Amino acid sequence: MAKNLLIVESPAKAKTIEGYLGKDFTVKSSYGHIRDLVKSEDAIDIPNNFAQRYEVPADKKQIVSELKKLAKEAEMVWLASDEDREGEAISWHLFETLGLKEDKTKRIVFHEITKPAIIKAIENPRKIDYNLVNAQQARRVLDRLVGFELSPVLWKKVKPSLSAGRVQSVAVRLIVEREREINKFKAEAAFRIVAIFGKGRESFKAELPERFAEQEQAEKFLNDCIDAAFNVKSLDTRPTKRSPAAPFTTSTLQQEASRKLGFSVSRTMSVAQKLYESGKITYMRTDSVNLSETALTAAQQEITSAYGDKYHQFRKYKTKSASAQEAHEAIRPTYFNVHTVDGDNAEKRLYELIWKRAIASQMSEAQFEKTTAKIEISTRKEDLVANGEVMKFDGFLKVYLESSDEDEDNTSDENNAILPPLNKGQLLALQEMTATERYSRPPARYTEASLVKKLEELGIGRPSTYAPTISTVQNRGYVVKEEREGKTRNYRVLTLKDKAVKQEQKTENTGAEKNKLFPTDIGAVVNDFLVQHFKGIVDFHFTANVEKQFDEIAQGLTNWTNMIRTFYTPFHEGVQNTIETADKARGERDLGIHPETGKKMSVRIGRYGPFVQIGDSDNEEEKPLYASLRTGQMIETITQEEALELFKLPKKAGEFEDKDMTVAIGKFGPYIRHNSSFYSLPKGLDPMTVTEEQAIEIIKEKRIKDAEKLIKTFDEDPEMKLLNGRWGPYIGYGKLNIKIPKGKEPLQLTFEECKALADAMEKDTKKPAGKKAAAAKPAAKKPATKTAVKKPAAKTTAKKK
DNA sequence: CAGTGAGCGAGCTTCCGCTTGACTT
């Protein structure tokens, strides 16, 4: 047996380090935290100085017992978890749980996985830093208290199963408030003047810095220019430069992969995980922009050999984020001389992005010559301005250009245009001048990645939680990621050409969104409730404030239980007060009087989501009418006209010749119902006017599609089918979808075999007999397997309902 | 997924942060 046991957090890290240390060391991984607070109410003994009850979750039992065994046999145990709050706590939990002895345990830390760094760490061991551990406990306890006291308030006052927390509730608030800013926004139009001078390759654009609010002003300007003379009034040339961006952190990687590759944040993380596990990149959950000495040298070698000396420049980046804990390096390729990797397309592209960004971060700046020409108009006092940029040295731009969220904004694209050679006083020939009506833009909706950016700026969340947080707010139904169609709007363009001004009307599409985050009604109602009753918790600076106090605890300046008590006492009072006094929040909004019947119209959240009601619930004689809101509609913005539309039924039974066919509109759009089958109406077909022929066509097409999927049917039972799915063949039986067991040839399967599989599955879902069934149905991605394993029966009944 | 929204009430839900698989129709 090895004399030394060294424990790190990640198995991939363990493998690498084992290679550095030789046979005297066994290197193992704890797979993150090995203990957590128990799930029940009594996890924290509040009167007893917030004493915690911890347990080893079911999925960690095995690893803990293995580590225990190895620790017993070892002469020395080296706790090498990350050097940050959580890492220190992991070491402490290991110390406690494995029953380690003070004199046989050493705590070591390193910030990069390089041989010299590991050796140095082993030469400089220390003891567990209990101040840091206390800071982590304060963080853990605060999050539990907030989450587990706030959520039940929502169950009582809004809806069961909802959740609130220090991080997720602020994420939702950001999205809700942004949506309201957009709703409130009034676009203002103004005319932008652009002139084109010269011909062919010599032509260039110039713009008037001012804009005109009224068409008359723009028109007058163009008219004034008909017979005007244009000459170069001044020329200003000066050098400018651009520097490369720092190498990736988790958050910047997520942003850039979203902009350049169109990846969701969770996709980025899972692809990066694969690259990390196969040793291609360094650790992908980091807030550090630092590169190891080894990496700096390797990057230098790569850059000088590929591009030459003058392209290289040593750079050290400093983190801008106050909340950064910098336990790791920045994300970089493990080996800079590896330009491309094997693997699927996503891995290749993400690796390339990481490689370029890291290499560019050690390259020299790009140099430009920026020219600004002012052009005088003989008939007006304003000057036109033309900007040109010439690259003198490409520097880091040879490999990488960071994109920005405003890339789609092309209103200032003249900035990097090239100007022809110009002289002061030179007369210019006007080719064309336009005055285009341009609208101001509302604030941009968040994408997953821009929300991560914002959260990081506010110091909320950690690299390991950005992706899960984004999923949580969507899984809870507070936020949806959607594509929405825009509206067309008209804009006017005046054109001066050949000594005449012409006007035309053009149309543009505006407000179309793809993969943007929208709040739902429930998200808005929960947010408003929290803002009203728990302003302090959902305050954007709450996390930053408590982080300051955690830092004081970590430095030994503050006692953690005092800090938590100071926070908890008023917070808990607020919780109780809210439970007693607050009204139920249903987001109700008045929609006025129904024009035909004079009854009250209102809209609010119900059991099945937001709906419109006409008439009074208390009225015994006449039941009120109800209609669900549709995708894209919200309580706070729906108008009475839109609400009335919801009650119009397109085609009722009997309106078609085929008596079994009706058209209706569900929450997810218009659909045809034929007997008991549903067929959604393709976009562009109006459900109010759809003809029977069109409906029959849609049904036919759907049937053809279904038939294409069909491989085989069985005479014994028409419900049993062999189908072709996205990942190969599977068995369909009624509503059940059954995977084909490994090693079986799909076409050889007999009906009996299929039936047996189906029966087994049905039994499984009714009475999950253990791990398999429970693990097979995590509704959300995250809910710990612990719950599922512990209470499988409860979970199933809840779902059946 | 797909036309419902009463009221009763047992037993359930829920946090953030550290990790990786098993899984997907």
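As the structure is a prediction and not an experimental result, all values here were calculated from the model. Note on naming: letters A, B, ... go to the chains in the order of the sequence lines (proteins, then strands), and numbering restarts at 1 for each one. Below, each value reflects all heavy atoms present in this structure, side chains not excepted, and no hydrogens, waters or symmetry copies.
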Rounded to whole Å, the CD-P distance (A/Glu588 to B/dG5) equals 17 Å
CD on A/Gln137 to CG on A/Leu142, rounded to 0.5 Å: 13.0 Å
Starting at atom CD1 of A/Ile7, determine the distance to atom C1' of B/dC18, rounded to an integer number of angstrom. 15 Å
Quick one: is B/dG3 close enough that its OP1 or OP2 comes under 4.0 Å of any side-chain N or O from A/Tyr608? no
In terms of side-chain heavy atoms, does A/His111 have a donor or acceptor partner in A/Glu326 at a distance below 3.5 Å? no
If I take atom CG from residue A/Leu132 and atom CG from residue A/Asp551, how far apart are they, to the nearest 0.5 angstrom? 9.5 Å
With a 4.0 Å cut-off on heavy atoms, is A/Val146 in touch with a base, just the backbone sugar-phosphate, or nothing at all? nothing
Report the C-alpha separation of A/His572 and A/Ile46 in whole Å, then their side-chain angles, then the decisive distance to 0.1 Å, and conclude whether the side chain to side chain contact (heavy atoms under 4.5 Å, CB included) test is met. CA-CA 11 Å; A/His572 182 67; A/Ile46 293 163; over 6 Å; no
If we ignore angles and hydrogens, is there a donor and acceptor under 3.5 Å between the side chains of A/Tyr276 and A/Ser10? yes
Which part of the nucleic acid does A/Tyr283 contact within heavy-atom distance under 4.0 Å: base, sugar-phosphate only, or nothing? sugar-phosphate
Is the shortest side-chain N/O distance from A/Gln613 to OP1 or OP2 of B/dG5 below 4.0 Å? no
Does A/Ser161 get its side chain close enough to the base of B/dT13, under 3.5 Å, for a donor-acceptor pair? yes
Hey, could you give me the OH/CG distance between A/Tyr478 and A/Leu162, rounded to the nearest 0.5 Å? 4.0 Å
Output the single nucleotide from B/dT20, B/dC18, B/dC16 whose closest atom is nearest the side chain of A/Asp36. B/dC16
Contact class for A/Gly461 (heavy atom, under 4.0 Å): base, sugar-phosphate, or nothing? sugar-phosphate
What is the separation between atom CG on A/Asp84 and atom P on B/dC18, rounded to the nearest whole Å? 6 Å
Any side-chain N or O of A/Ser10 less than 4.0 Å from the OP1 or OP2 oxygen of B/dT20? yes
Classify the nucleic acid contact of A/Gly606 as base, sugar-phosphate or nothing, counting any heavy atom under 4.0 Å across all strands shown. base
Nucleic acid contacts - residues 133-142 of chain A versus DNA chain B, non-hydrogen atoms under 4.0 Å: A/Arg139, A/Arg140
Report yes if a side-chain nitrogen or oxygen of A/Arg285 is closer than 4.0 Å to either non-bridging phosphate oxygen (OP1 or OP2) of B/dT20; otherwise report no. yes
Have a look at A/Ser30 and tell me which of A/Thr97, A/Ile7, A/Leu79 forms a side-chain contact (heavy atoms from CB on, under 4.5 Å) with it. A/Ile7
Of the candidate nucleotides B/dC18, B/dT20, B/dA6, which contains the atom at the shortest distance from the side chain of A/Tyr276? B/dT20
Same-atom distance (C1') from B/dG9 to B/dT13, integer angstrom: 16 Å
With nearest nucleotides of DNA chain B determined for A/Pro463 and A/Gln168 from heavy-atom distances, which residue corresponds to the more 5′ nucleotide? A/Gln168
Calculate the interatomic distance between A/Phe148 atom CZ and B/dC16 atom P; express it in whole Å. 10 Å
Report yes or no: is there a donor-acceptor pair, N or O only, under 3.5 Å between the side chain of A/Ser464 and the base of B/dT19? no
Listed nucleotide nearest any side-chain atom of A/Ser628, set B/dC18, B/dT19, B/dT4: B/dT4
Between A/Arg107 and A/Ser81, is a side chain to side chain contact (heavy atoms under 4.5 Å, CB included) present by the stated rule, with each step listed? CA-CA 8 Å; A/Arg107 166 80 171 119; A/Ser81 49; 3.4 Å; yes
Counting side-chain heavy atoms from CB outward, which of B/dC15, B/dT19, B/dC16 is closest to A/Asp82? B/dT19
Has A/Tyr626 got its ring stacked on B/dG3, by the test of a centre gap below 5.5 Å and a plane angle below 30°? no
Stem ranges of DNA chain B by first residue number, counting only runs of at least 3 Watson-Crick or G-U pairs under 3.5 Å, come to none
Would you compute the distance between atom CZ of A/Phe550 and atom CH2 of A/Trp560 and round it to the nearest 0.5 angstrom? 10.0 Å
Length of the line joining A/Leu629:CG and B/dC1:P, which is rounded to integer Å: 21 Å
To the nearest Å, give me how far apart CG (A/Asp59) and P (B/dG21) are. 12 Å
Side-chain donor-acceptor pair present, A/Glu456, A/Ser251, cut-off under 3.5 Å: yes
Where each residue is assigned the nucleotide of DNA chain B containing its nearest heavy atom, which of A/Ile460 and A/Pro160 is assigned the position nearer the 5′ end? A/Pro160
Just N and O in the side chain of A/Arg462: are any of them under 4.0 Å from OP1 or OP2 of B/dC18? yes
Closest approach of A/Val56 and A/Lys61, non-hydrogen atoms and distance? O-NZ, 3.5 Å
If we ignore angles and hydrogens, is there a donor and acceptor under 3.5 Å between the side chains of A/Glu642 and A/Gln633? no
A/Asn475 CG to B/dC15 P: how many Å, rounded? 10 Å
Take A/Tyr466 and A/Thr268, measure what side chain to side chain contact (heavy atoms under 4.5 Å, CB included) needs, and give me the verdict at the end. CA-CA 11 Å; A/Tyr466 294 139; A/Thr268 298; over 6 Å; no
Does A/Ile34 reach a base, just sugar-phosphate, or nothing at all? Heavy atoms under 4.0 Å. nothing
Sub-4.0 Å heavy-atom contacts from residues 151-159 of chain A onto DNA chain B, ordered by number: A/Ser151, A/Pro152, A/Trp155
Determine, step by step, whether A/Glu9 and A/Tyr31 satisfy the side chain to side chain contact (heavy atoms under 4.5 Å, CB included) criterion, reporting the C-alpha distance in whole Å, the side-chain angles of both residues, the deciding distance to 0.1 Å, and the verdict. CA-CA 5 Å; A/Glu9 292 182 34; A/Tyr31 290 79; over 6 Å; no
Tell me yes or no: between the side chains of A/Glu66 and A/Gln62, is some donor less than 3.5 Å from an acceptor? no
N/O (side chain, A/Thr465) to phosphate O (OP1/OP2, B/dG17) under 4.0 Å: yes
Which nucleotide wins on minimum distance to the side chain of A/Arg476, given the candidates B/dT14, B/dC16, B/dG3? B/dT14
Quick one: A/Arg630 CZ to B/dG3 P, roughly how many Å, whole number? 14 Å
Applying a 4.0 Å non-hydrogen cut-off, can you work out what A/Ala89 is touching in the nucleic acid: base, sugar-phosphate, or nothing? nothing
For A/Arg144 and B/dT14, is the shortest distance between a side-chain N/O and OP1 or OP2 below 4.0 Å? no
